[in-house]
Amino acid sequence: MTTLAERAPAVRGLAFDVEGLSLGYGRAPVLRELDLAIRPGEVLAVAGLSGSGKSTLLRALAGLLAPVAGRVLADGVEVAATSADRAMIFQDDGLLPWRTVRRNVELPLALRKTPRAVRRAAALAWLDRVGLARSADLLPRELSGGMRQRVQLARALAGAPRAVLMDEPFGALDAQTRAEMQRLLLDVLRDTRATVVFVTHDVDEALLLGDRVAVIGDGAVRTVIEAGEGADRADLRARVLKEL
Ligand SMILES: Nc1ncnc2c1ncn2[C@@H]1O[C@H](COP(=O)(O)OP(=O)(O)O)[C@@H](O)[C@H]1O
Ligand SMILES: [Mg+2]
């Protein structure tokens with residue numbers, strides 16, 4: 001059997017350049033004149049308190065929210081609308097309730113007019129990868145919260161996106177399921193070179209998953225911390241908490 005890495009088209013992670021970006025919903029801006037460079041293929045965790053504007057920033061990266069000022073570039077091209085290149089994963093799963101697990105995962109491929117047999121095989125391979133090979137024919141309502149998040153992950157990655165934008169995807173899961181999902185995510189991301197932006201209010205989750213952690217607060221990026229292997233976790237944690 002071929003591995004997913006062999007089967008999947010070789011994607012290159014998107015580079016994002018956030019330049020002088022201000023975002024808001026009409027009144028005072030939520031984020032003001034943000035500058036941030038997101039490297040191709042990295043996992044950037046975005047940490048911040050509830051209400052600090054994490055989801056707002058992610059919406060702008062996705063092309064769901066137009067800037068008040070400034071711009072977002074993806075590989076040098078201004079982001080003006082959503083794109084299949086940039087997959088979103090939310091806390092609420094957004095699976096289609098009337099479609100089986102397999103057919104949910106096939107969706108991004110169906111939208112690209114991938115032939116039926118190819119998309120079916122790809123969906124089953126991704127479901128196997130996230131530990132759901134035996135749940136392919138179930139409906140979303142027959143799954144636990146953790147299983148639904150696995151389906152979302154499989155669906156996002158089946159489309160071979162160049163960036164995956166994740167908004168507190170494990171926020172509603174119990175502690176043990178959440179830890180399992182974090183391990184699965186780290187493991188599965190080795191099969192893809194996509195750039196990942198992972199939003200969380202949980203500092204430990206940010207430090208576990210991120211190659212770097214951007215801390216946002218008071219409408220700005222307070223700091224960006226390198227969080228790779230070998231760093232002193234307690235020291236990093238203190239540095240993040242100081243900026244929140
Ligand atoms: N659709 C919206 N309309 C108006 N205000 C919003 C909307 N979404 C978020 N906000 C406001 O923007 C601020 C940042 O929200 P959000 O980006 O959701 O924060 P976070 O994801 O960090 O918790 C909050 O003050 C929130 O009330
Ligand atoms: Mg949010």
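Residue Val197 is not grouped with residue Leu186 when hydrophobic side chains (ILVMFWY) are merged at heavy-atom distances under 4.5 angstrom, including chains of intermediate members. One hydrophobic cluster, built from ILVMFWY side chains closer than 4.5 Å, holds both Leu185 and Leu208. Taken together through direct or relayed side-chain contacts under 4.5 Å among Ile, Leu, Val, Met, Phe, Trp and Tyr, Val199 and Val213 form parts of separate hydrophobic clusters. Under a hydrophobic-cluster definition in which Ile, Leu, Val, Met, Phe, Trp and Tyr are linked whenever side-chain heavy atoms come within less than 4.5 Å, directly or via other members, Val46 and Leu65 are assigned to the same cluster. Both Leu57 and Met88 are assigned to one and the same hydrophobic cluster, defined by single-linkage of ILVMFWY side chains at heavy-atom distances under 4.5 Å.
Side-chain contact between Leu241 and Leu244 is present, with heavy atoms from C-beta onward closer than 4.5 Å. Contact annotation: the side chain of Leu138 approaches that of Leu143 to within less than 4.5 Å [non-hydrogen atoms, C-beta and beyond]. At least one side-chain heavy atom of Leu184 sits under 4.5 Å from a side-chain heavy atom of Leu153. Using a 4.5 Å heavy-atom threshold, the side chains of Met166 and Val164 count as touching. For the pair Asp187 and Arg129, the minimum side-chain heavy-atom distance is below 4.5 Å. At a threshold of 4.5 Å between non-hydrogen side-chain atoms, the residues Val151 and Pro140 do not count as touching. With a 4.5 Å cut-off on side-chain heavy atoms, Arg193 and Arg162 do not count as touching. At least one side-chain heavy atom of Val18 sits under 4.5 Å from a side-chain heavy atom of Leu61.
Residues forming a side chain to side chain donor-acceptor pair (under 3.5 Å) with Arg212 (at least two apart in sequence, or on another chain): Glu42. Phe198 pairs by the ring pair (Phe, Tyr, Trp, His ring centres under 6.0 Å) definition with Phe170, not counting sequence neighbours. A search for side chain to side chain donor-acceptor pair (under 3.5 Å) contacts involving Glu19 returns Arg71, not counting sequence neighbours. A search for side-chain contact (heavy atoms from CB on, under 4.5 Å) contacts involving Ala154 returns Val105, Trp126, Leu127, Val130, not counting sequence neighbours. Residues passing the side-chain contact (heavy atoms from CB on, under 4.5 Å) test with Thr114, sequence neighbours excluded: Leu109, Arg112, Val118, Arg119. Under the side-chain contact (heavy atoms from CB on, under 4.5 Å) criterion, Pro67 pairs with Leu21, Leu23, sequence neighbours left out. Partners of Val43 according to the side-chain contact (heavy atoms from CB on, under 4.5 Å) rule, which considers only residues two or more places apart in sequence or in another chain, are Leu189, Val196, Asp211. Partners of Asp92 by side chain to side chain donor-acceptor pair (under 3.5 Å), not counting sequence neighbours: none found. Shown here are the side chain to side chain donor-acceptor pair (under 3.5 Å) partners of Arg86, two or more places apart in sequence or in another chain: there are none.
A distance-only check finds a donor-acceptor pair linking the side chain of Asp75 to the backbone of Ala15 [under 3.5 Å]. With Thr100 contributing its side chain and Asp137 its backbone, the two residues share no donor-acceptor pair below 3.5 Å.
A salt bridge links Asp218 and Arg222; the closest N-O separation between the charged side-chain nitrogens and carboxylate oxygens is under 4.0 Å. We find that Arg148 and Glu142 are not joined by a salt bridge, their nearest charged nitrogen and carboxylate oxygen being 4.0 Å or further apart. A salt bridge links Arg102 with Glu106; the closest basic N to acidic carboxylate O contact falls under 4.0 Å.
To the nearest 0.5 Å, atoms CZ (Arg120) and CG (Leu124) are separated by 7.0 Å. Atom-to-atom distance recorded for Arg103:CZ and Leu95:CG is 13.5 Å, nearest 0.5 angstrom. Here the straight-line distance linking atom CD1 of Ile89 with atom CD of Gln149 works out to 7.5 Å at 0.5 Å rounding. Rounding to the nearest 0.5 Å places CG of Leu44 at 6.0 Å from CG of Leu36. In this structure, Arg183 CZ and Leu209 CG are separated by 11.5 Å, a value rounded to the nearest 0.5 Å. One distance of note links CZ of Arg233 with CZ of Arg237; it measures 10.0 Å at 0.5 Å rounding.
Listed here is the closest heavy atom pair of Val30 and Gly53: CG1-CA, 3.7 Å. For the residue pair Gly41 and Thr195, the shortest heavy atom distance occurs at N-OG1, 2.9 Å. Nearest heavy-atom pair, Ala133 versus Asp128, reported as atom, atom and distance to 0.1 Å: CB-OD1, 3.6 Å. Closest approach of Asp17 to Ala37, counting heavy atoms only: OD1-CB, 3.9 Å. In terms of heavy atoms, Asp35 sits closest to Gly20 at OD1-N, 2.7 Å. A pairwise comparison of heavy atoms in Val79 and Ala62 identifies CG1-C, 4.3 Å as the closest pair.
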| said: For Asn104 and Gln152: C-alpha separation, side-chain torsions, deciding distance, then whether side-chain contact (heavy atoms from CB on, under 4.5 Å) applies. | reply: CA-CA 8 Å; Asn104 266 287; Gln152 272 217 92; over 6 Å; no

| task | Start with the C-alpha gap between His201 and Leu49, add the side-chain angles, then the distance that decides, and say whether side-chain contact (heavy atoms from CB on, under 4.5 Å) holds. | result | CA-CA 6 Å; His201 67 270; Leu49 298 176; over 6 Å; no

| task | I would like to know whether Arg178 and Glu168 meet salt bridge (Lys or Arg N to Asp or Glu O under 4.0 Å); could you show each step before the answer? | result | CA-CA 11 Å; Arg178 179 175 216 184; Glu168 310 219 27; 5.5 Å; no

| request: Check step by step if side-chain contact (heavy atoms from CB on, under 4.5 Å) holds for Arg150 and Glu180. | output: CA-CA 10 Å; Arg150 286 169 193 258; Glu180 278 170 22; 3.6 Å; yes

| message | Under the criterion side-chain contact (heavy atoms from CB on, under 4.5 Å), I'd like the reasoning laid out for Met147 against Val101: C-alpha separation, chi angles, the key distance, then a yes or no. | response | CA-CA 10 Å; Met147 291 163 86; Val101 163; over 6 Å; no

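Residues in residues 45-57 take part in these side-chain hydrogen bond (donor to acceptor under 3.5 Å, both in side chains) pairs, two or more places apart or across chains: Tyr25-Thr56, Ser55-Asp167. Applying the ring pair (Phe, Tyr, Trp, His ring centres under 6.0 Å) test to every pair with at least one member in residues 37-73, sequence neighbours left out, gives no pairs at all.
The hydrophobic cluster analysis finds Leu73 isolated: no Ile, Leu, Val, Met, Phe, Trp or Tyr side chain comes under 4.5 Å of it, directly or through other members.
Under the side-chain contact (heavy atoms from CB on, under 4.5 Å) rule, Val215 has a single partner from Arg239, Glu243, Lys242, which is Glu243.
Side chains of Thr200 and Glu205: a donor on one and an acceptor on the other come within 3.5 Å.
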